[in-house]
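Presented below is the structure to which this report refers.
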2 protein chains.
Amino acid sequence: MLSLSEENYIKAIYHLQTKDNKRVSTSQLSEYIRNKASSVTDMLKKLASKSLIEYKKYQGVRLSNTGERTALMIIRKHRLWEVFLVEKLDFNWDEVHEIAEQLEHIQSEKLVDRLDSFLNFPKRDPHGDPIPNKHGEIEVHNKTRLSDLQLNESGIFVGVVDSSASFLVYLDKQGIALGKSLSVKEKEAYDNSLLIEYDNKHLRITALTAQNLYIKLNER
Amino acid sequence: MLSLSEENYIKAIYHLQTKDNKRVSTSQLSEYIRNKASSVTDMLKKLASKSLIEYKKYQGVRLSNTGERTALMIIRKHRLWEVFLVEKLDFNWDEVHEIAEQLEHIQSEKLVDRLDSFLNFPKRDPHGDPIPNKHGEIEVHNKTRLSDLQLNESGIFVGVVDSSASFLVYLDKQGIALGKSLSVKEKEAYDNSLLIEYDNKHLRITALTAQNLYIKLNER
DNA sequence: GATAAATATCAGGCTAAAATAAATAAAACA
DNA sequence: TGTTTTATTTATTTTAGCCTGATATTTATC
């Protein structure tokens, strides 16, 4: 059984290695997890001794198969709990992350599977992120962002890149919710800001905002 | 914010002091929590310094008002999660304790209150134990046990004293469920065993079993 | 290819929560 | 009441997970 801290490292390594698909360095982890690099090295040795990661001194780490499976199971729990909080307990999508950070460490496979079934085997969490199934299989999701669209193209808003509460609150305020159709009406060459249309209204958004929205392109 | 370990001590002190209504000794706690007495002493000093308990050297401890409130909030969480597991996720009453032991440490008042409301403000957990409300008020429950009944008296089975999985499994096997009406048909003076009747069948039970069942007497 | 800068590791130390072992206080009893 | 037994506390050690500061390795730069 893994400690809380070990689980957090595994999850962090998963996120970092999935983002840019290469070995994760000590300093990346140190930054992400907000511990000193020396502490990270200590933990990496421990995880390597448990065969959860493949660790080469000075060369960074990569999750082993077991490590990856472990990470996926933690992510599965996190995201299922988020769905529970939003769908059953009426939390907003910007409130659930912290609570799910705690719930993801509860140990009971049966609990997770029952929860999954209680929620009707949801495919995605409230932020549009895919939920691994009980075999650790996870849908790879379309990486198109709103900022990638051409003028006059449109698509469905399916997920966020940045799921910080402040960003989610901003989206709520503007009425931008998962599943809405957004179309690009203007592109400002100067600062890459966009004028978008949805629900019959227009909104000007910054390049950063556009980069933080995942879009599923409408078939043409 | 309290550590996991601190919370477990607080809860243990609550249970012990409520059981026989007097100060809890180091050795009682040591036995209950399965730590060495010396470790218990260390923790008691710490809890006293946080004003959660009133600690007198060699005289045992008692929870302060804050301590008691803290205990009640942990118990509230534990019991609400048990209800959730049984009612919503179809767990059996003998499977939920361990999982609830973990869930009771999740920190979020909002979560607990939402859960309470989602479950329709249940009064008791699956073992018949009362659930404190959000103000820390808890119903004191009737302490009549099946072993206290006279010959030919009957009552409703409302709770268990011993909620170990093995006892609960035994009750399930015999079809003895919360809410059933049980009546005493014979009392064996020799070993205090009883012949009871419920659901139109008869069962012989030991004195120990009878002591472990809380009964609400039928009005006469 | 040598050297500076950036990264990573090692050695040693701190704290929380446990353990052991030794010392002391309280309770039991002769 | 004095002595023995039991309970409790104090002192010291261990382990996990973090830290700081010193050293080693890699990468970048001239």
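Within every chain, numbering begins at 1; the chains are lettered A, B, ... in the order of the sequence lines, protein sequences first and strands thereafter.
- K45(A) places its NZ atom 8 Å from the P atom of dT9(C), with the value rounded to the nearest Å.
- A cation-pi contact, defined as under 6.0 Å to the ring centre and within 45° of the axis, links K88(B) to F118(B).
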Enumerate, atom names and distances included, each donor-acceptor pair closer than 3.5 Å involving a side-chain atom of residues 11-19 of chain B, sequence neighbours excluded.
from: K11(B); atom 1: NZ; to: E101(B); atom 2: OE1; distance (Å): 3.1
from: K11(B); atom 1: NZ; to: E101(B); atom 2: OE2; distance (Å): 3.0
from: K11(B); atom 1: NZ; to: E104(B); atom 2: OE2; distance (Å): 2.8
from: Q17(B); atom 1: OE1; to: L63(B); atom 2: N; distance (Å): 3.0
from: T18(B); atom 1: OG1; to: Y14(B); atom 2: O; distance (Å): 2.6

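- Comparing K36(A) and L44(B) along DNA chain D, the residue whose closest nucleotide (by nearest heavy atom) sits nearer the 5' end is L44(B).
- The stretch residues 2-32 of chain A touches DNA chain C through S25(A), T26(A), S27(A), each having a heavy atom within less than 4.0 Å of the strand.
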Report each atom pair, protein N/O against N/O of nucleotides 22-26 of chain D, whose distance is under 3.5 angstrom.
from: dT25(D); atom 1: O4'; to: Y58(A); atom 2: OH; distance (Å): 3.4

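- For S39(B) and dA19(C), a side-chain-to-base donor-acceptor distance below 3.5 Å is present, hydrogens and geometry of angles not being considered.
- Between the CG atom of D42(A) and the C1' atom of dA8(C) there is a distance of 12 Å, rounded to whole Å.
- Contact annotation: the side chain of V158(B) never approaches that of L178(B) to less than 4.5 Å [non-hydrogen atoms, C-beta and beyond].
- Judged purely by atom type and a 3.5 angstrom limit, N133(B) uses its side chain to pair as donor or acceptor with the backbone of G136(B).
- Atom P of nucleotide dA18(C) and atom CZ of R34(B) are separated by 14 Å, given to the nearest angstrom.
- Comparing N35(A) and Y55(B), the nucleotide of DNA chain D nearest to each residue sits closer to the 5' end for Y55(B).
- The distance between the ring centers of H97(B) and H78(B) falls below 6.0 angstrom.
- At least one donor-acceptor pair under 3.5 Å links the side chain of T41(B) to the backbone N or O of A37(B).
- Donor-acceptor pairing under 3.5 Å is lacking for the side chains of H105(B) and Q102(A).
- Side-chain contact check for Y9(A) and N35(A): at least one donor-acceptor pair (N or O, by modelled atom type) lies under 3.5 Å.
- Protein atom CE of M43(A) is 14 Å distant from nucleotide atom P of dT9(C), rounded to whole Å.
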